[in-house]
Visitor: 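Attaching a single structure in structure tokens format; questions to follow.
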Amino acid sequence: MSLLIGLLTTVLVLAVVAAGLGWWTVHRSFPTTNGAIEAAGLTAEVTVHRDDAGIPQLYAETDHDLFFAQGYVHAQDRFWEMDFRRHVTAGRLAELFGESQVGTDAFIRTLDWRGVAEQEFDMLDEQTRAHYDAYAEGVNAYLAEHRGADLSLEYAVLGVQNPGYSPEPWSGVDSIAWLKAMAWDLRSNLGDEIDRALLSTVLPPDEVERLHPEFAWGQMPTIIGERPTAAQAALSVAPLPSDGVSKTSDVAAASASSPSPEYAAALTTLRAAIDGVPELLGPEGGDLGSNSWVVSGSLTESGLPLLANDPHLGPAMPSIWAQMGLHCVEITPECGFDVAGYSFSGLPGIVIGQNQSIAWGFTNLGPDVADLYLERIEGDSYELDGALVPLAIREETIEVAGGDPVTISVRSTARGPIVTDIDADFTAVATGFPAASAQPDGDYQVSLQWTALTPGTTARAIFALDRAADWNAFRTAAAMFDVPSQNLVYADVAGNIGYQAPGRIPVRLSGDGTMPLPGWTSTNGWSGTIGFDQLPSVLNPPAGYLVTANNAAAGPDGPLLTEDWDYGYRAAAIERLIGEQLASGEKFTADALAQIQLDTSDANAAAFLPVIESLDLDGDAARGAELLAGWNGRADADSAPAAYFAVFWRTLLDEMFGDLPEATRPQGGDRWFTVVGTLLDEPDSTWWANSDGEIAGRDAMIEHALSAAWGEAEDRMGSNTDSWRWGRLHTLTLTNQSFGESGIGPIEWLFNRGPYELGGGSSVVNAIGWDASVGYGVDWVPSMRMVVDLADRDDSLWINLTGASGHAFHPNYDDQAPLWQRGELREWAVTTEAIEANARDTLRLTPAD
């Protein structure tokens, strides 16, 4: 996301950086980490130990003081990040950055993330509300003593354009609104739904299906080996909250097939608007994935389970995650937590990690939880089952730094908001759709139904996970984790391992959620959600291990979770590596699991290499084939063949599919591995052709792409192949989410770090992904890596993408990045003895008199 800095000029920025900020300004926000600080609101002393990486471990006597201290310490380390995130989730970026952000704010206001968060906060039980309130008290205690550049360097930069800005107090709603951002970035297949609709404007249905193939049931691994039957699922549909939509209708569903180019233009604009929402976790797509797996004690050296997790999310500076430990001095009714792991700044609790009894990890389940509907609008009403129903209408006022407020009108059906009101370009729906679908002329708009727009219970689930001591308590916590739906893997000190899929997943009256449907008939609505007991779950599977990598959770029978699973390449690779270890007779250790996380075997390359070797080539294509001939198919950073193959793959995709609508062009990940991999067995398919028709047939097209790729590789890396390496093309710049893409070099220099040369790639285990429609730069990464040893918690291992601190130039701002780049992990001190032994700094937070 690009946040334009408005009136700043390069000359002014240079002056600010050189003279106005200075080293003192850079350092003044660094937190106090030793000694004692009085904090109004504490009831007893809290101790904060930090190791040499600056990772805080908090010790308190009550839950209130523990979460108060977490809020205080999060604010110490990362308040700008917290403040920026809450402006995103409330649709208030224009208050910070001016007119350029009005469009983004309008989209968020239309979805009303903040309003849903307010409803969720009002629904909290007394204990959970107390945790959120205590956290907010801690944040505000820090804010009471720090302002402007004392909070973070970003405020000094912001003050040049927006000198009157001062952060408002933190609230529990600010924390819960972050969960809406999580749900949005992990929303599954909304992009695929638009993609199919766009492809249907230029391709027949069978070819659209070819470009969105079904998961390879029976060929790729599923997480568990069984699923409830369809009959069982039908008995376990939980009712949705009342939405006012009639469930009966005599009106047949209208067809939305073969939409016109004008309609396609409107959907393209909608896709751009969706993609323009700040990606706080990462870009949507098949490569926004994660790995987690767990191995039972029967397969480990220690005799107790090992659990590994490395969620693949969008890279950010600072990292999305904030490592932390929350410890009660003694577990009592007043203080019930002893947990460590990965938190989000701004959100109390630990999201992924371990406590004294269990460990857990997340990957994105990716169910289809959002649908688009075409709506017939007449004035302030919409059509449903032949009748006009009043639209819900509300006004939203967007404050704009340096400008006048902007008021927008948000219209909603019972299903959800009208998202096409956001941009004038969406008027193409009104003219484009009727002509193509034999519908009457009129005002057609698009509404969005999404489970996250109904208040849920995830805000309670985090604390329940943190306190869970066994499988039953873990599943109880998982049942509350309704949005976003995640794969949860589990291990405990009693030797159990397990998997649970939670989430609020709709049951559709018609369709499968892969294409927008007409909204003027209730036959296309949702009838309820899949019951928790019917979601995939397993405890202690016979194989002795479980692998999740966004692949299908279970077989094709039973309730429909989605038609857009990850295609399973990472899961297959992990299962292969586990199988090889078992075949060797060696037991698993934490180090062995950590090595699996770094695997760079490229299944796409493995499919192509035999075909390329079989071809009779000459010229540059032959030189390319010779370079690939001895390659092991691993996308290592120092590999010349890996670099060349990536250029070849991107060239091939562009040549074969470059005529598709721009918004649908291949990113190059798992879906396109499957599409093109299938075409390898169809050498005469018409898809093996370039846009001008000069090249036809598989062999000719591959030769053409090999030759063109050789030329591009020489242009990028020189004529000496000894100097080629994948890392030269595949680089990561850790970019600050607010100022990091300002377009002003000195500002970006302050906050960004890198570039880092990296191996890995899309849909490999070490999923350091890239978007082939854009270039070779890194777009998604293992945002952290951890391996938990249930036999000895202090033998666990972890690493973060950047560092603990959110303060530019702080020693812990980017100190973990080089370790992460090299695939190294840090020892994870979890017990009190180990934490105290590793403590570099110790701060005492004491009650104010």
Side-chain angles (χ1 to χ4, degrees), residues 111 183-200 205 208-215 217 227 230 233-234 237-240 243 245 247 253-257 259 267 270-271 274 284-286 288 364-375 413-417 419 446-454 482-486 501-531 534-536 550-567 664 671:
L111 300 187
W184 180 255
D185 283 353
L186 301 174
R187 64 191 177 274
S188 183
N189 79 332
L190 188 57
D192 288 301
E193 188 171 337
I194 297 174
D195 191 88
R196 286 186 177 92
L198 285 168
L199 289 174
S200 72
V208 174
E209 186 176 350
R210 177 190 283 274
L211 298 187
H212 280 272
E214 188 179 21
F215 183 84
W217 304 106
R227 174 186 263 179
V237 175
L240 283 171
D243 57 9
V245 176
K247 305 304 181 195
S255 171
S257 62
L267 284 175
L270 175 59
R271 177 64 182 265
I274 289 172
E284 184 194 31
L288 180 56
N364 194 21
L365 176 62
D368 186 353
V369 294
D371 283 339
L372 295 171
Y373 296 92
L374 289 159
E375 305 285 358
T413 72
R415 290 191 177 98
V419 292
V446 176
S447 67
L448 170 66
Q449 186 170 19
W450 176 36
T451 57
L453 299 185
T454 300
D482 53 4
V483 176
S485 300
Q486 299 290 288
R504 188 191 307 155
I505 303 167
V507 175
R508 292 169 174 84
L509 290 167
S510 61
D512 56 11
T514 60
M515 290 279 284
L517 291 175
W520 49 85
T521 167
S522 59
T523 59
N524 288 333
W526 295 353
S527 64
T529 57
I530 300 171
Q534 296 305 309
L535 293 172
N550 314 113
N551 53 314
D557 298 325
L560 175 66
L561 303 184
T562 184
E563 292 287 357
D564 290 304
W565 296 109
D566 179 279
Y567 287 88
T664 70
R671 177 161 70 90

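Just so it is clear, the model here is predicted, and its values are computed rather than measured.
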Visitor: Which residues pass the side-chain hydrogen bond (donor to acceptor under 3.5 Å, both in side chains) test with Glu375, sequence neighbours left out?
Guide: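 Scan of Glu375 (side-chain hydrogen bond (donor to acceptor under 3.5 Å, both in side chains), adjacent residues dropped) gives Ser447.
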Visitor: Between the main-chain N or O of Asn364 and the side-chain N or O of Asn550, is there a donor-acceptor pair closer than 3.5 Å?
Guide: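 Here the side-chain-to-backbone pair exists.
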Visitor: State, yes or no, whether a side-chain contact exists between Asp482 and Pro502 at a heavy-atom distance under 4.5 Å.
Guide: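 No - every pair of side-chain heavy atoms lies 4.5 Å or more apart.
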Visitor: If only atom types and distance count, is the side chain of Thr413 paired as donor or acceptor with the main-chain N or O of Gly416 below 3.5 Å?
Guide: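 Yes; judged by distance alone, with no hydrogens or angles, the pair exists.
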Visitor: Do you know which two heavy atoms are closest between Gly503 and Ser485, and how far apart they sit?
Guide: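 Closest pair (atom of Gly503, atom of Ser485, distance): CA-OG, 3.2 Å.
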Visitor: Would you call Leu448 and Tyr373 a side-chain contact if the rule is heavy atoms closer than 4.5 Å?
Guide: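 They are not in contact (no side-chain heavy atoms under 4.5 Å apart), so the answer is no.
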Visitor: Less than 4.5 Å apart, any side-chain heavy atom of Val483 and any of Val369?
Guide: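 They are not in contact (no side-chain heavy atoms under 4.5 Å apart), so the answer is no.
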Visitor: Would a 4.5 Å heavy-atom cut-off, applied to side chains only, mark Asn551 and Phe215 as touching?
Guide: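 Side chain of Asn551 against side chain of Phe215, heavy atoms only: contact under 4.5 Å found.
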Visitor: If you compare all heavy atoms of Met515 against all heavy atoms of Arg196, which two are closest, and at what distance to 0.1 Å?
Guide: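 The pair with the smallest heavy-atom distance is SD-CB, 3.4 Å.
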Visitor: Sequence neighbours excluded, which residues qualify as side chain to side chain contact (heavy atoms under 4.5 Å, CB included) partners of Pro213?
Guide: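 Testing Pro213 for side chain to side chain contact (heavy atoms under 4.5 Å, CB included), a comparison that skips the adjacent residues, returns Tyr567, Arg671, Thr674, Val675.
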Visitor: So, taking the atom named CD in Glu193 and the one named CD in Glu563, what distance separates them when rounded to the nearest 0.5 Å?
Guide: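 Here the interatomic distance stands at 12.0 Å.
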Visitor: Atom CD1 of Ile194 and atom CG of Leu199: how far apart are they, to the nearest 0.5 Å?
Guide: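 Atom-to-atom, Ile194:CD1 and Leu199:CG are 12.0 Å apart.
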Visitor: Could I get the full list of side chain to side chain contact (heavy atoms under 4.5 Å, CB included) partners for Glu214, not counting sequence neighbours?
Guide: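 Listed in chain order: Trp217.
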Visitor: Taking all non-hydrogen atoms of both residues into account, name the closest pair between Pro559 and Ile530 and its distance.
Guide: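 For Pro559 and Ile530, the tightest heavy-atom pair comes out as CB-CD1, 3.5 Å.
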Visitor: Take Thr514 and His212 through the test side chain to side chain contact (heavy atoms under 4.5 Å, CB included) and record every step on the way to the result.
Guide: CA-CA 10 Å; Thr514 60; His212 280 272; over 6 Å; no
Visitor: For residues Thr454 and Arg504, determine if any side-chain heavy atom of one lies less than 4.5 Å from a side-chain heavy atom of the other.
Guide: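 In contact.
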Visitor: With the side chain counted from C-beta on, respond yes when Pro536 and Leu365 share a heavy-atom pair under 4.5 Å apart, and no when they do not.
Guide: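 Not in contact.
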Visitor: Apply side chain to side chain contact (heavy atoms under 4.5 Å, CB included) to the pair Leu517 and Leu374, showing each step before the final yes or no.
Guide: CA-CA 6 Å; Leu517 291 175; Leu374 289 159; over 6 Å; no
Visitor: State, yes or no, whether a side-chain contact exists between Leu561 and Leu535 at a heavy-atom distance under 4.5 Å.
Guide: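 Side chain of Leu561 against side chain of Leu535, heavy atoms only: contact under 4.5 Å found.
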Visitor: Which pair of heavy atoms, one from Ile505 and one from Leu560, lies closest together, and at what distance?
Guide: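 Of all heavy-atom pairs spanning Ile505 and Leu560, the closest is CG2-O, 4.2 Å.
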Visitor: If the condition is side-chain hydrogen bond (donor to acceptor under 3.5 Å, both in side chains), which residues does Asp371 pass it with, not counting sequence neighbours?
Guide: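 Partners of Asp371 by the side-chain hydrogen bond (donor to acceptor under 3.5 Å, both in side chains) criterion, ordered by chain and then number, come out as Arg508, Trp526.
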Visitor: For a 4.5 angstrom cut-off between non-hydrogen side-chain atoms, does Asp564 reach Asp368?
Guide: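 They are not in contact (no side-chain heavy atoms under 4.5 Å apart), so the answer is no.
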Visitor: Looking only at heavy atoms, what is the nearest atom pair of Leu509 and Ser527, with distance?
Guide: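 Shortest heavy-atom contact: CD2-CB, 3.6 Å.
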Visitor: Please collect all salt bridge (charged side-chain N to carboxylate O under 4.0 Å, His left out) contacts where either partner lies in residues 510-527, sequence neighbours excluded, each pair once.
Guide: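 Those involving residues 510-527 do not exist here.
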Visitor: Is it the case that Asn524 and Ser510 place a side-chain donor and acceptor less than 3.5 Å from each other?
Guide: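 Yes.
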